[in-house]
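Side-chain atoms are counted along with the backbone in the values below, which use heavy atoms only and exclude waters and symmetry mates. Counting convention: from 1, in listed order, for ligands and their atoms alike.
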Amino acid sequence: MSLIVQKYGGTSVGTPERIVEVAGRILRTHQEGSQVVAVLSAMSGVTDNLIKLARQVAPHPAEREVDVLLATGEQTTIALTAMAINGLGGRAVSLTGRQAGIITDGVHTKAKISTITPKRIHTLLDAGHIVIVAGFQGETLEGVITTLGRGGSDLTAIALAASIKADLCQIFTDVDGVYTCDPRIVKSARKIPEISYDEMLEMASLGSKVMQSRSVEFAKKFGVIFEVRSSFNDQPGTIVKEETAGMEKVVIRGVSLDRRQAKVTISGVPDKPGIASRIFNEIAAINVNVDMIVQNVSAAGSTDVSFTTLADELPKIEKHLGPIASEIGAKGFAAQGGIAKLSVVGIGMRSHSGVAAKMFELLGKAGINIQMITTSEIKISVIIDEAQIDEGANIVHTGFGLGSLE
Ligand code: ADP
Ligand code: ASP
Ligand code: MG
């Protein structure tokens, strides 16, 4: 008998009707002769609403309590889904993250799974039950509730699949699979039948939020092959797996975009050893995550250092960066939101040259100004004006011949 882990995201369980449909799908899989563990997200919009609610009672709510609150979203869905399955004549039992054996560290709102002891899951499966697990949550060894970061139900599903050695891990969502770009933005985007972990990881961390990037990292580490597919139809989706020989033939696998970025430039920074370390240590100390960093060539003993971060961090930067800049003897700083990151990803770039030149040419011809550039072996990212990001994504996608209409 095969053992299947299925994960259903927020839109897939967004209404009571959708929950009943998902319950039917889970039950059918069970009736076809498989043992089923289903991981569920909160109904769409619920997590966002809970976060808003928390801010209405306190401007900076304690993260411990935020986790207690957010974990209720998934608990609602697992109870409703188990009820729906039982109503359809099946036998389902819901489990919280902890009941499913998920233990995490204590880093609230972005906890890491430390161990999974799926004893209870196995006992229930062996007794013929369908097991419904709350995604996105766990507990510390001391019994404090934690959550796994936004989109964390993907991680719950992949980690459980690894732990119970599932034969199949299916991520059901509101699109038919992983596309060459977000199909809501690029209409000609195509479904990718197979993608390597490295490409999926880059795309996810560069803004293609169809999968949580940490969950892909986990899948790569433990060799969990998974499929991203639609909960609205029966079309085959996208298989995410280790790279195979043919994959390198495709130069660009996909285009990713990430909005709401901000650029900060510290000007007149003394060009001496140890200064970069001081700047970025101070920035880390105020808990701002930095993405791209660019340092200009020095002129007359001083230089400019720019970095990007999320636009949400701007208030913190404006408050703290002034003193940091004057402490290191810099002239000053300027912070600016309204920018976005556009990236092309593909393992084929390792063996093909000219990709960067082509991307820059495509953007240049369209009059889109590039403000910053970073590259790695399998990606090229540029920062452009946020107002031009959809146009940029479409131009680059078409220019590299990725679309169905090209
Ligand atoms: P779920 O609630 O099922 O976890 P998400 O909203 O997290 O679903 O992820 C699915 C969404 O990801 C899609 O609706 C789509 O707009 C977006 N998305 C972004 N990039 C891509 C991509 N390259 N391929 C498919 N979907 C993408
Ligand atoms: N409900 C959580 C979120 O919205 C986790 C998830 O859906 O995967 O981020
Ligand atoms: Mg998601």
Side-chain angles (χ1 to χ4, degrees), residues 6-15 18 22 38-52 66-67 69-78 97 109-111 133-138 146-160 170-193 195 199-216 226-232 235 237-238 240 252-259 341-346 389-390 393-394 396-397 402-403:
Q6 298 188 328
K7 177 256 169 178
Y8 292 91
T11 316
S12 304
V13 291
T15 61
R18 287 294 312 156
V22 161
V39 173
L40 302 183
S41 286
M43 294 166 77
S44 55
V46 165
T47 308
D48 287 340
N49 283 338
L50 289 170
I51 293 171
K52 273 192 212 134
V66 170
D67 277 351
L69 181 70
L70 295 192
T72 64
E74 270 67 15
Q75 281 175 223
T76 306
T77 338
I78 55 165
T109 76
K110 42 185 170 301
V133 178
F136 177 56
Q137 55 170 266
T146 51
T147 63
L148 309 176
R150 295 308 303 267
S153 301
D154 294 335
L155 178 58
T156 306
I158 284 171
L160 275 181
Q170 300 173 312
I171 307 291
F172 286 92
T173 183
D174 57 3
V175 277
D176 288 1
V178 180
Y179 278 67
T180 46
C181 189
D182 188 338
R184 292 181 209 283
I185 291 156
V186 174
K187 296 293 170 221
S188 65
R190 274 183 303 115
K191 183 167 67 185
I192 304 170
I195 185 170
E199 288 166 323
M200 186 71 255
L201 187 54
E202 282 286 7
M203 283 182 72
S205 36
L206 293 169
S208 300
K209 298 208 168 73
V210 59
M211 285 299 297
Q212 188 210 32
S213 58
R214 284 174 63 191
S215 72
V216 184
F226 61 95
E227 182 187 13
V228 181
R229 56 186 293 166
S230 171
S231 67
F232 293 81
Q235 301 290 319
T238 300
V240 187
I252 303 297
R253 184 78 55 196
V255 174
S256 297
L257 51 139
D258 214 350
R259 297 170 205 278
K341 186 166 56 175
L342 178 65
S343 311
V344 293
V345 172
I389 190 71
D390 288 10
N394 274 282
V396 168
H397 190 269
L402 293 179

Numbering the atoms of ligand 2 from 1, which are under 4.0 Å from a heavy atom of R150?
3 (C), 4 (O), 9 (O)
Suppose I only count heavy atoms of F136 and a 4.0 Å limit; which atoms of ligand 2 are within that range?
2 (C), 5 (C)
[X] heavy atom under 4.0 Å from ligand 2:
| X | answer |
| --- | --- |
| G10 | no |
| G151 | yes |
| Q212 | no |

Report the C-alpha distance between T109 and D67 in whole Å, list the side-chain angles of each, state the deciding distance to 0.1 Å, and finish with yes or no for side-chain contact (heavy atoms from CB on, under 4.5 Å).
CA-CA 6 Å; T109 76; D67 277 351; 3.7 Å; yes
Check this for me - ligand 2, D154, N or O atoms closer than 3.5 angstrom, yes or no?
no
Would S41 count as being in polar contact with ligand 2, using the rule that some N or O on each side must be under 3.5 angstrom apart?
yes
Nearest non-hydrogen partners of [X] and [Y], listed with the distance:
| X | Y | answer |
| --- | --- | --- |
| L402 | I252 | CD2-O, 3.3 Å |
| A71 | T147 | N-CG2, 4.4 Å |
| R214 | L148 | NH1-O, 3.2 Å |
| A393 | L257 | CB-CD2, 3.8 Å |

Ionic contact status for K209 with D258, cut-off 4.0 Å
yes
Sequence neighbours excluded and cut-off under 3.5 Å, please list the side-chain donor-acceptor pairs for residues 175-185, or say none.
{"residue": "D176", "atom": "OD1", "partner": "N233", "partner atom": "ND2", "Å": "3.0"}
{"residue": "T180", "atom": "OG1", "partner": "R190", "partner atom": "N", "Å": "2.9"}
{"residue": "T180", "atom": "OG1", "partner": "H397", "partner atom": "NE2", "Å": "2.7"}
{"residue": "D182", "atom": "OD1", "partner": "R184", "partner atom": "N", "Å": "3.0"}
{"residue": "R184", "atom": "NH2", "partner": "D174", "partner atom": "OD2", "Å": "3.2"}

Pairs under 3.5 Å, nitrogen or oxygen of ligand 1 with protein nitrogen or oxygen:
{"residue": "ligand 1", "atom": "2 (O)", "partner": "G10", "partner atom": "N", "Å": "3.0"}
{"residue": "ligand 1", "atom": "3 (O)", "partner": "T173", "partner atom": "OG1", "Å": "2.7"}
{"residue": "ligand 1", "atom": "4 (O)", "partner": "K7", "partner atom": "NZ", "Å": "3.0"}
{"residue": "ligand 1", "atom": "7 (O)", "partner": "K209", "partner atom": "O", "Å": "3.4"}
{"residue": "ligand 1", "atom": "8 (O)", "partner": "T173", "partner atom": "OG1", "Å": "3.1"}
{"residue": "ligand 1", "atom": "14 (O)", "partner": "D174", "partner atom": "OD1", "Å": "2.8"}
{"residue": "ligand 1", "atom": "14 (O)", "partner": "D174", "partner atom": "OD2", "Å": "3.4"}
{"residue": "ligand 1", "atom": "14 (O)", "partner": "R184", "partner atom": "NE", "Å": "3.1"}
{"residue": "ligand 1", "atom": "14 (O)", "partner": "R184", "partner atom": "NH2", "Å": "2.5"}
{"residue": "ligand 1", "atom": "16 (O)", "partner": "D182", "partner atom": "OD1", "Å": "2.9"}
{"residue": "ligand 1", "atom": "16 (O)", "partner": "D182", "partner atom": "OD2", "Å": "3.3"}
{"residue": "ligand 1", "atom": "16 (O)", "partner": "R184", "partner atom": "NE", "Å": "2.8"}
{"residue": "ligand 1", "atom": "23 (N)", "partner": "Y179", "partner atom": "O", "Å": "3.0"}
{"residue": "ligand 1", "atom": "24 (N)", "partner": "Y179", "partner atom": "N", "Å": "2.9"}

Does one side chain, of S153 or S41, offer a donor that lies under 3.5 Å from an acceptor on the other?
yes
Compute whether any side-chain donor of one residue and acceptor of the other, for R18 and S231, lie under 3.5 angstrom apart.
yes
